[in-house]
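Hydrogens, waters and symmetry mates are skipped; everything else that's a heavy atom, side chains included, is used.
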Amino acid sequence: MSVGTGALSRRRVLPAPVTGQEYVLVGVIALLWVALAVSTPAFLTAGSIQPLLVATAPVALVGVGMTIVIVTGGIDVSVGGAIMVCSVLTAKALVEAEVNLGVAVLLSVAVGGVLGLVNGVLIAYGRVHAIIITFGTANLFMFLGLRIFGSGTVNGIPGTLAFFGRGPDGRTLGVPHAFGITVLITAAAWWYLRHTAGGRHFFAIGGDAQAARLAGVRVQRRVLLAYLITGLLVGLASCFVIAQGTSTLDQSVGSGKELAVIAAVVIGGTSIMGGRGSVLGTLLGALLVQSVASGVTQLGWRSQLSDLFVGLFIIVAVGADLLRARARRNR
């Protein structure tokens with residue numbers, strides 16, 4: 001293959017460095033923030049923006065892994081249950097064993113990696129569609145999390161994870177550590193997906209898995225890696241989730257997180273059919289989703305309106321993706 005042909009093939013697989021949808025998302029977020037600032041001046045204060053960024057971090061972080069999974073043509077609806085398992089095990093370790101920050105993070109990330117590995121092995125080598133496998137493991141993870149919780153909550157959680165929290169210990173120069181870490185990981189994932197052969201293989205698998213296999217891509221290993229990465233990021237995000245709350249962790253932890261993550265990924269421009277996507281768009285999608293939720297709360301509106309607005313954003317994003325796909329077919 002010539003250099004020119006290789007460059008052309010690469011352009012066919014990868015999206016632009018910054019897509020049109022990402023520019024649109026930046027514009028929508030800017031307009032939304034201006035509108036909220038006019039309606040409720042307290043919105044653009046540090047006391048409002050900092051908690052918003054902290055809340056965005058775990059959704060966007062898991063969304064990075066979910067983007068890779070969906071780019072390969074899969075999906076993972078078990079991340080909510082996985083967050084529950086990682087969170088309760090880490091919280092119990094903090095209370096009962098009094099582990100330090102580093103051990104707590106390693107424990108949570110390791111548990112998340114194991115759960116992601118379970119999904120990856122079943123999907124990559126069992127050759128069953130991802131939604132079937134992850135729907136099943138979602139229920140298994142939820143059952144496991146509830147068994148670990150027992151009949152009550154985890155109480156008396158120390159402030160060991162305050163580094164990721166909303167308080168003064170959780171930010172530097174006004175920027176929450178959780179959000180800063182998420183931005184760095186997103187940037188690293190963006191570079192990896194665009195500028196390494198391994199990263200481009202994910203797009204190739206989502207575009208046509210059989211063609212990728214014939215081209216020498218180890219499809220099963222790449223699919224396994226996608227779910228493993230998601231599990232590892234779930235583990236880190238679970239530390240962010242624990243740090244956001246109080247000294248008590250209840251059984252609702254992780255509930256609905258899978259929907260928020262998938263919404264962020266789809267709104268960010270990742271094609272639900274695979275082959276196209278951007279972690280930068282996912283970060284912006286998560287920021288938009290959380291901005292809507294924060295705005296609805298600060299305006300004193302019913303919380304259900306947040307779900308309505310996010311649902312409308314998803315419909316518009318999916319519709320735009322279908323129109324783009326049709327336009328490409330008609331070229």
Side-chain angles (χ1 to χ4, degrees), residues 15-64 66-67 70 166 171 173-176 178-187 189-190 240 244 256-257 259-272 276-325 327:
V18 180
T19 66
Q21 185 150 336
E22 287 159 4
Y23 286 120
V24 170
L25 282 173
V26 171
V28 170
I29 292 170
L31 289 173
L32 177 61
W33 281 25
V34 169
L36 289 172
V38 171
S39 302
T40 169
F43 178 78
L44 284 183
T45 63
S48 178
I49 295 298
Q50 287 169 346
L52 169 62
L53 297 180
V54 173
T56 299
V59 175
L61 187 60
V62 179
V64 170
M66 186 72 77
T67 300
I70 293 180
R166 300 181 179 183
R171 54 181 182 264
L173 300 177
V175 179
F179 186 74
I181 291 169
T182 299
V183 170
L184 291 176
I185 291 176
T186 300
W190 181 90
F240 295 175
Q244 287 181 30
K257 277 289 190 291
L259 300 179
V261 169
I262 293 172
V265 173
V266 173
I267 291 172
T270 296
S271 174
I272 200 69
R276 291 182 178 273
S278 167
V279 291
L280 174 58
T282 295
L283 176 62
L284 293 171
L287 185 57
L288 177 58
V289 169
Q290 293 303 316
S291 296
V292 169
S294 178
V296 166
T297 299
Q298 293 198 31
L299 291 171
W301 294 352
R302 294 182 177 181
S303 60
Q304 292 88 341
L305 287 175
S306 175
D307 298 329
L308 171 64
F309 294 139
V310 171
L312 291 174
F313 285 135
I314 292 173
I315 291 172
V316 170
V318 172
D321 179 55
L322 292 175
L323 290 175
R324 286 194 298 267

Within the structure provided, determine whether Leu287 and Leu53 are in side-chain contact (heavy-atom separation under 4.5 Å).
yes

Using side chain to side chain contact (heavy atoms under 4.5 Å, CB included), reason through Val59 and Gln290 one step at a time and then give a plain yes or no.
CA-CA 9 Å; Val59 175; Gln290 293 303 316; 3.8 Å; yes

Check: Ser39 side chain, Ala35 main-chain N or O, donor-acceptor pair, under 3.5 Å:
yes

Pairwise distance CG(Asp307) to CG(Leu312) - rounded to 0.5 angstrom
11.0 Å

Check Leu52 against Ser294 and note the closest heavy-atom contact, atom names and distance.
CD1-CB, 4.2 Å

Any side-chain heavy-atom pair from Leu31 and Val34 closer than 4.5 angstrom?
no

Report the distance from atom CD1 of Ile262 to atom CD1 of Ile70, rounding to the nearest 0.5 Å.
6.0 Å

Is there side-chain contact between Val183 and Leu283, with heavy atoms separated by less than 4.5 Å?
yes

How close do Val64 and Ala189 get, counting heavy atoms only, and between which atoms?
CG1-CB, 3.7 Å

Flag the pair Met66 / Thr282 as yes when at least one side-chain heavy-atom distance between them is below 4.5 Å, and no otherwise.
no

As a quick check of understanding, evaluate side chain to side chain contact (heavy atoms under 4.5 Å, CB included) for Ser48 and Leu44, giving each step before the final call.
CA-CA 6 Å; Ser48 178; Leu44 284 183; over 6 Å; no

Does any non-hydrogen side-chain atom of Ser278 lie less than 4.5 Å from one of Gln21?
no

On a heavy-atom basis, the closest approach of Arg171 and Arg166 is NH1-O, 2.9 Å

To check you understand the geometry: which heavy-atom pair defines the closest contact between Pro58 and Gln244, and what is its length?
CG-NE2, 3.2 Å

Which atom pair, heavy atoms only, marks the closest approach of Ala42 to Gln298?
C-OE1, 4.2 Å

In this structure, CG of Leu280 is separated from OG1 of Thr186 (nearest 0.5 Å) by 8.0 Å

Exam field: side chain Gln50 to backbone Gly174, donor-acceptor pair closer than 3.5 Å:
yes

For the atom pair CD1 (Ile29) and CG (Leu32), what is the distance rounded to the nearest 0.5 Å?
8.0 Å

Are any of the side-chain heavy atoms of Val289 and Phe313 separated by less than 4.5 Å?
no

Which atoms form the tightest heavy-atom contact between Thr270 and Gly277, and what is the distance?
OG1-CA, 3.4 Å

Would you call the rings of Phe309 and Trp301 parallel, tilted or perpendicular, taking 30° and 60° as the class edges?
tilted

Report the distance from atom CH2 of Trp33 to atom CD1 of Ile49, rounding to the nearest 0.5 Å.
4.0 Å

Hey, what do you get for OG1 (Thr56) to CZ (Phe240), rounding to the nearest 0.5 Å?
12.0 Å

Please examine the side chains of Leu36 and Leu299, heavy atoms only from C-beta on, and report whether any two atoms are closer than 4.5 Å.
yes

